[in-house]
Each structure stands twice: as structure tokens, then as C-alpha cells.
Q: 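Dropping a structure here in C-alpha cells format, bear with me for questions.
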Amino acid sequence: MMTRNDIRDEILSALTAIAPEVDPQDIRDEVLLRDQVDLDSMDWLNVLLGIHKRLNVDIPEADYQKLRTLNDLIEYVQAHAALSSG
């Protein structure tokens, strides 16, 4: 099972694949991602698709608005990976 840090690293990897100018060390878990990274809606969609591909977690469009911080993404993946594997 992946640890929280493993999931965090995968999410940051998906983010930097879309926005290579982002330094993952500068991303704070509890701060709104949109305040930290300049992503338009298409980039954000691509980040979410990257998370889906890397972590095999479906993220329906209805949940997009819930995912505002890195913590939100980590917790979402933890909860939904557990559901899909169990």
C-alpha cells in the first residue's frame, strides 16, 4: 500500500509534468493550489488526468471543486484507492 508521502510525490509529479516551472519543494499542502501554481482549467484537468493515470483513481467531474489543496488531493486518493482496491 502506498504511503501518504508516496501519494504526495505522485501528485506532485503529475503537477510538474503539466507545469515544469513548478518547484515541488515550494508547494505547501494546506494552501490553495491555484494560489501557488498558475494553472488554467485545461492544465488543471490534465493534472487530474495525470493523477488518474499514475494512481489509478477515478476522479469524476462532480468532485473537481472539492480538490483545492494538495491535502485535498492526497486525502481523496487515499480514500478512493482504498475503495477501488478493497
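Hydrogens, waters and symmetry mates are skipped; everything else that's a heavy atom, side chains included, is used. Residue numbers start at 1 and run along the sequence shown.
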Q: Closest heavy-atom contact between Asp29 and Thr69?
A: O-CB, 3.4 Å
Q: Between Val47 and Ala14, what is the shortest heavy-atom contact and its length?
A: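 Closest heavy-atom pair between Val47 and Ala14: O-CB, 4.1 Å.
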Q: Quick check for you: to the nearest 0.5 Å, what is the distance between Leu45 atom CG and His52 atom NE2?
A: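 These two atoms lie 11.5 Å from each other.
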Q: Is Thr16 reaching over with its side chain to a backbone N or O of Leu12, donor-acceptor style, under 3.5 angstrom?
A: yes
Q: Are Val31 and Leu70 joined in one hydrophobic group, where the rule is that I, L, V, M, F, W and Y side chains link up if heavy atoms are under 4.5 Å apart?
A: no
Q: Would you confirm whether Glu30, through its side chain, and Asn71, through its main-chain N or O, come within 3.5 Å as a donor-acceptor pair?
A: no
Q: Atom CD of residue position Glu21 - does it have more than 12 heavy atoms of other residues, nucleotides or ligands inside 6.0 Å?
A: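 It does: Glu21 CD has more than 12 such atoms within range.
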Q: Indicate the atoms forming the closest heavy-atom contact of Met2 with Asp6, along with that distance.
A: CE-CB, 3.5 Å
Q: Write down the atom of Asn46, the atom of Ile18, and the distance for their closest heavy-atom approach.
A: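 Smallest heavy-atom distance, with atoms named: CB-CD1, 3.5 Å.
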Q: Could you pull out the closest heavy-atom pair between Ile59 and Tyr64, with the gap in Å?
A: O-CE2, 3.3 Å
Q: Would a 4.5 Å heavy-atom cut-off, applied to side chains only, mark Lys66 and Asp72 as touching?
A: no
Q: Rounded to the nearest 0.5 Å, what's the gap from CG on Leu48 to CG on Leu73? Could you check?
A: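 CG of Leu73 is found 6.5 Å from CG of Leu48.
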Q: Tell me if the CG atom of Asp38 is crowded by more than 12 foreign heavy atoms within 6.0 Å.
A: no
Q: Under a plain distance cut-off of 3.5 Å, with no hydrogens placed, do Asp58 and His80 share a side-chain donor-acceptor pair?
A: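 Distance-only check fails for His80 and Asp58.
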Q: Is it the case that one hydrophobic cluster holds both Leu49 and Val22, taking links as side-chain heavy atoms less than 4.5 Å apart, direct or via other members?
A: yes
Q: Give the C-alpha distance, both sets of side-chain angles, the deciding distance and a yes or no for side chain to side chain contact (heavy atoms under 4.5 Å, CB included) between Ile11 and Leu55.
A: CA-CA 9 Å; Ile11 292 170; Leu55 297 167; 4.2 Å; yes
Q: With Leu33 as reference, evaluate Ile27, Leu39, Leu67 under the side-chain contact (heavy atoms from CB on, under 4.5 Å) test and give the passing residue.
A: Ile27
Q: Check whether any side-chain heavy atom of Ile74 lies under 4.5 Å from a side-chain heavy atom of Gln78, and answer yes or no.
A: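 Side chain of Ile74 against side chain of Gln78, heavy atoms only: contact under 4.5 Å found.
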Q: Quick check: are there more than 12 heavy atoms from other residues, nucleotides or ligands sitting under 6.0 Å from CZ of Arg68?
A: no
Q: Search all heavy atoms of Ser41 against all heavy atoms of Arg34 and return the closest pair with its distance.
A: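 Of all heavy-atom pairs spanning Ser41 and Arg34, the closest is CA-NH2, 4.1 Å.
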Q: Do Val37 and Leu32 share a hydrophobic cluster, counting only Ile, Leu, Val, Met, Phe, Trp and Tyr and linking them when any side-chain heavy atoms are less than 4.5 Å apart?
A: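 No, no single cluster joins them.
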Q: Can you confirm whether more than 12 heavy atoms, excluding those of Arg4, are under 6.0 Å from its CZ atom?
A: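 Correct, the count exceeds 12.
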